[in-house]
Undergrad: 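Mind having a look at this structure? Questions to follow.
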Amino acid sequence: MAASYKIVTWTPFKKRFDLWLLVGIAVYLVTFILITSLSQPVDETFTPIQMLMRAFGTLAFLLLSFILCIGPLARLTLRFKPFLYNRRHLGVTTFFVALFHAALSTLWYHGFSDVNPFLSIFVSNPRYDSIAGFPFESLGFVALFILFLMAATSHDFWNANLGPRLWKTLHMLVYLAYGLLVAHIALGAIQFEKDPIYVALLGGSAAIVAALHLLTALKPSGHITQAPATDWIEVGPAGDMVDAKARIIRPRSGEAIAVFRDGQTVAAVSHVCRHQGGPLGEGLVIDGCVTCPWHGFQYRLTDGTSLPPFTEKVATYPTRIENGIVYVRAIPDPPGTPQTPSIIRAARV
């Protein structure tokens, strides 16, 4: 968390991560160019610019594929949790890698025509009704523009001023960008590529991304329950709740509710973190504060308010325990509203 906006907030962990990221990019580019140079048939040659185009293009696609896998993998194993904290750095890096690929491609194929290079991307090939001859470059241009919007608004300044909901909606466009990139590659380079490794790379990456998202969509997040349309919702026996963790209730309307057990008390807050819409209910209660698993934002369980000097707040919900069964009211109170926690001992559990 940050108490104020800074141009860059690099912790020692992020510095090491970024260093390894830059080293990995350099190793990939050098390896790609060497293998491409040594594996070319005698009658076919790539210019250095063409090799760089492919190197940066494939790298951008692989980086974006990995970024889209981080969320599902972090839900499946704790080993990938640290990548959540660096996903923003990965995203911005991916944009610059893709930008370099786009700049080289535009210069090589459109930079020497009488038409403006950017206009040439859309008008040089009007065969939008053809699959084999589709102007795939336009798809890549739109995907790059989406990546630009995401990179430009990645700072917390934009999250705070746009609001978490709008900011999250904007950054969900990454899935549209990924689909456009898949089509960009499938309708472009692959149609003229004899080496099956590119087909395997494209199909395998897209399949892994889709499979991981499908797997985590089917995986229960805590104990998500589709609640009936009533004011008070049954959560379950208080004695069955795991200490410091939540059961997640999804009402018929509105945000999901995270009902936490903290020792011998029970309290409920919104399941949605105010920072980047993270799954707050998948976090833990640490020293009386719910800690978001995405970026470590914390909220007091008793009133949904961040500790000073932070000002973020989430909605809170009244709870009660009757005959050992925990209930939560489906209607939220305004963010930051204090709630009296329900005492488990009082229910003789």
Side-chain angles (χ1 to χ4, degrees), residues 1 71 74-75 163-165 168 216-307 310-349:
M1 297 177 67
R75 290 191 60 193
R165 190 178 298 277
K168 185 72 173 180
T216 50
L218 298 176
K219 176 182 179 293
S221 175
H223 293 270
I224 293 185
T225 303
Q226 189 70 34
T230 59
D231 286 348
W232 286 89
I233 304 168
E234 180 179 330
V235 179
D240 292 345
M241 296 183 67
V242 179
D243 191 20
K245 292 187 176 183
R247 286 193 174 183
I248 301 166
I249 306 297
R250 194 173 298 279
R252 294 292 181 185
S253 61
E255 294 180 345
I257 307 168
V259 185
F260 283 90
R261 174 173 179 170
D262 184 20
Q264 294 300 309
T265 64
V266 173
V269 296
S270 170
H271 177 52
V272 181
C273 179
R274 293 297 98 184
H275 177 223
Q276 289 187 8
L280 195 58
E282 294 183 21
L284 298 175
V285 178
I286 302 175
D287 296 329
C289 292
V290 180
T291 303
C292 182
W294 278 16
H295 300 99
F297 271 65
Q298 292 184 309
Y299 307 88
R300 286 194 297 258
L301 187 56
T302 53
D303 61 8
T305 301
S306 297
L307 299 176
F310 307 109
T311 59
E312 287 80 9
K313 299 178 181 179
V314 294
T316 60
Y317 298 79
T319 60
R320 70 187 187 198
I321 301 177
E322 295 180 354
N323 299 319
I325 304 298
V326 177
Y327 295 86
V328 62
R329 197 177 71 180
I331 304 172
D333 285 329
T337 302
Q339 301 289 346
T340 301
S342 300
I343 308 299
I344 294 178
R345 286 199 187 97
R348 297 179 182 179
V349 175

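What's counted below: heavy atoms across the whole structure, side chains too, no hydrogens, waters or symmetry copies.
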Undergrad: Can any side-chain N or O of Ser306 pair as donor or acceptor with the backbone N or O of Glu312 at less than 3.5 Å?
TA: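 Pair found, side chain donor or acceptor close to backbone of Glu312.
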Undergrad: According to salt bridge (Lys or Arg N to Asp or Glu O under 4.0 Å), does anything in residues 253-268 pair up with another residue at least two apart or in another chain? List the pairs.
TA: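 Passing the test, one end in residues 253-268: Arg165-Glu255, Glu255-Arg274.
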Undergrad: If I compare all heavy atoms of Ala256 with all of Tyr317, which pair ends up nearest, and what's the gap?
TA: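 Result for this residue pair: O-OH, 4.5 Å.
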Undergrad: I'd like to check the side chain to side chain donor-acceptor pair (under 3.5 Å) partners of Asp243; sequence neighbours left out, ordered by chain and number.
TA: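 Side chain to side chain donor-acceptor pair (under 3.5 Å) check on Asp243 returns nothing, list empty.
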Undergrad: Which atom pair, heavy atoms only, marks the closest approach of Pro251 to Ile249?
TA: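 Result for this residue pair: CD-O, 3.4 Å.
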Undergrad: Are the side chains of Val269 and Gln339 in touch, meaning some heavy atoms are under 4.5 Å apart?
TA: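 When only atoms from C-beta onward are counted, Gln339 and Val269 do not touch, as no gap falls below 4.5 Å.
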Undergrad: Could you tell me the separation between the CZ atom of Arg300 and the NZ atom of Lys313, rounded to the nearest 0.5 Å?
TA: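 Taking CZ in Arg300 and NZ in Lys313, the distance rounds to 9.5 Å.
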Undergrad: Out of curiosity, Cys273 SG to Tyr299 OH, how far, rounded to the nearest 0.5 Å?
TA: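 These two atoms lie 3.0 Å from each other.
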Undergrad: Report yes if the side chains of Asp231 and Ile331 come closer than 4.5 Å at any heavy-atom pair, otherwise no.
TA: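 Counting from C-beta outward, Asp231 and Ile331 do come under 4.5 Å.
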Undergrad: Side chains of Leu284 and Thr291, heavy atoms from C-beta outward: is any pair under 4.5 Å?
TA: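 The answer is no, as the side chains (C-beta and beyond) never meet within the 4.5 Å cut-off.
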Undergrad: I would like to know whether Ile344 and Ile321 meet side-chain contact (heavy atoms from CB on, under 4.5 Å); could you show each step before the answer?
TA: CA-CA 7 Å; Ile344 294 178; Ile321 301 177; 4.0 Å; yes
Undergrad: A side-chain contact here means heavy atoms from C-beta on lying under 4.5 Å apart; do Pro237 and Val326 qualify?
TA: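 Not in contact.
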Undergrad: Look up atom CD in Gln264 and atom CD1 in Ile343, then write down how far apart they are to the nearest 0.5 Å.
TA: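 Going from the CD atom of Gln264 to the CD1 atom of Ile343 covers 8.5 Å.
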Undergrad: Heavy atoms, side chains only, cut-off 4.5 Å: are Ser270 and Leu280 in contact?
TA: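 They are not in side-chain contact.
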Undergrad: Once you round to the nearest 0.5 Å, how far does OG1 of Thr265 lie from CG of Leu301?
TA: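 Going from OG1 on Thr265 over to CG on Leu301, the span is 6.5 Å.
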Undergrad: Taking all heavy atoms of Gly336 and all of Thr305, pick out the closest pair and write down the distance.
TA: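 Gly336 and Thr305 have their closest heavy atoms at CA-OG1, 3.5 Å.
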Undergrad: With sequence neighbours excluded, what pairs up with Pro338 under the side chain to side chain contact (heavy atoms under 4.5 Å, CB included) test?
TA: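 Applying side chain to side chain contact (heavy atoms under 4.5 Å, CB included) to Pro338 gives Asp303.
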Undergrad: What pair of heavy atoms forms the shortest contact from Gln298 to Cys289, and how long is it?
TA: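 Heavy-atom minimum between the residues: CB-CB, 4.2 Å.
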Undergrad: Minimum heavy-atom separation for Tyr327 and Glu322, please, with both atom names.
TA: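 Nearest heavy atoms, Tyr327 then Glu322: CE1-CB, 4.1 Å.
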Undergrad: Check Phe260 against Gly281 and note the closest heavy-atom contact, atom names and distance.
TA: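 Taking Phe260 first and Gly281 second, the nearest heavy atoms are CZ-CA, 3.9 Å.
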Undergrad: Tell me if a side-chain donor or acceptor on Ser342 pairs with a main-chain N or O of Thr319 at a distance below 3.5 Å.
TA: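 At least one qualifying donor-acceptor pair exists.
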